[in-house]
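Residue numbers begin at 1 in each chain, while the letters A, B, ... track the order of the sequences. The figures here come from the full heavy-atom set of this structure, side chains too, leaving out hydrogens, waters and symmetry mates.
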Amino acid sequence: MNELLICKDLTKNYSYVRALNQVNLCLEKGKIIGLLGPNGSGKTTLIKTIAGLLKADFGEVLIDGEKVGEKTKAFVSYLPERNYLDDTMKVYETLDLFNDFYIDFDRNTAEKMLENLDIDINRKFKNLSKGMKEKVQLVLVMSRKARLYLLDEPIGGVDPATRDYILNTIVSNYAPDSTVIISTHLIADVEKVLDEFIFIKNGEIVMQSSVDNLREEKGMSVDEYFREVFKC
Amino acid sequence: MSWKFNNSKPIYIQIADKIEMMILSGEYKSGESLPSVRDFAVQASVNPNTMQRAMQELETRGLIFVQRAVGRLVTEDNSVIENRLNQKVKNITLNYLNEIKTLNIKKEDAFKILKENW
């Protein structure tokens with residue numbers, strides 16, 4: 001069995017708005033996958049549903065054969081799109097927190113990565129810049145030895161040089177049999193690290209393909225193809 | 001430093017082309033071992049699976065081979081490298097000629113400029 005994530009007929013409504021409409025997905029182990037779509041297309045809703053933070057109205061999600069719940073949270077590492085850490089905490093306290101919370105958290109890896117990023121772990125969270133906060137959160141999430149990583153807009157708020165560093169961090173830290181889902185609209189930046197991409201539009205999956213297959217068939221990049229498919 | 005890629009070609013082909021250039025120019029010598037897929041992937045800031053595919057492409061081209069317990073080595077068959085190098089030089093030259101000929105300049109003048117700038 002090589003599939004890690006299966007979504008069956010996933011449907012989610014927010015009162016009268018349909019955020020996800022019968023989403024069917026099957027993702028393999030060992031892949032880095034881009035979840036790409038315009039604003040409001042359902043990217044965050046889908047990721048939160050897979051993370052177990054939202055409950056679908058209909059359909060189910062299986063991760064490594066398990067239904068989403070307590071069990072899957074132990075091996076799914078989720079990076080929310082916004083800062084959720086307590087501003088009054090010091091960076092090393094967030095390391096303690098993760099260490100207590102997650103059995104798969106590797107503190108040494110995290111400390112090494114923070115050192116490479118020149119982030120002093122004795123600093124308080126509120127004294128860090130927006131970009132630095134994002135880096136700390138990504139470090140925390142990538143320092144878990146998880147089977148599935150869900151990264152919601154991991155490079156949204158940082159400069160291009162840091163983007164490259166973060167992408168490298170993802171490439172060099174994910175285990176070969178784990179899968180990474182990255183949601184973003186900065187497609188040109190992430191394209192080279194992706195195996196596959198998923199286009200989502202109005203809560204529906206409109207395409208799932210390998211990056212190089214697209215380039216071979218259409219002679220264009222995912223970024224260019226996105227602009228064509230989602231032309232306003 | 002991450003590698004730059006264009007939009008029209010598959011990324012694995014562009015990586016294979018780039019590593020081929022490194023081999024043809026002697027940066028990686030005949031019989032020398034290449035970095036691991038993972039190290040190469042990090043160096044190029046690309047997905048390890050894509051790098052893996054690029055390595056397979058280079059094997060198909062006959063430029064590298066896999067040795068168990070050692071890794072990937074540059075071919076020891078120098079004729080392969082020579083052939084690919086000649087082919088590459090020829091292609092670059094033909095491209096140059098195509099473009100320079102559209103300007104209708106004399107062969108001697110073109111040679112002169114070539115020499116001056118070599």
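Heavy atoms closer than 4.5 Å to chain B are found nowhere in A:Leu167, neither backbone nor side chain. Proximity to chain B (any heavy atom under 4.5 Å) is shown, for A:Glu216, by both the backbone and the side chain. With a threshold of 4.5 angstrom between heavy atoms, A:Val222 does not approach chain B through any atom at all. Interface remark: A:Leu194 contributes backbone atoms only to the contact with chain B (heavy atom separation under 4.5 Å).
In this structure, the side chains of B:Ser8 and A:Glu224 stay at 4.5 Å or more apart for every pair of heavy atoms.
Of all non-hydrogen atoms in B:Arg38 and A:Ser172, the two that sit nearest each other are NH2-O, 3.7 Å. Counting all heavy atoms, side chain and backbone alike, A:Val193 lies closest to B:Ser45 at CG1-O, 3.5 Å.
The distance from the CD atom of A:Glu191 to the CZ atom of B:Phe5 is 10.5 Å, given to the nearest 0.5 Å. Rounding to the nearest 0.5 Å gives a distance of 12.0 Å between CZ of A:Arg215 and OH of B:Tyr12. Distance check, rounded to the nearest 0.5 Å: CD of B:Gln14 to NZ of A:Lys192 gives 11.5 Å.
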*Just do the side-chain contact (heavy atoms from CB on, under 4.5 Å) check on B:Arg53 and A:Asp212 with the steps written out, would you?*
CA-CA 10 Å; B:Arg53 214 170 154 196; A:Asp212 274 347; 3.6 Å; yes
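Within 6.0 Å of CD in A:Glu115 there are 12 or fewer heavy atoms belonging to other residues, nucleotides or ligands.
B:Asn49 places no side-chain N or O within donor-acceptor distance of the main-chain N or O of A:Asp195, the cut-off being under 3.5 Å.
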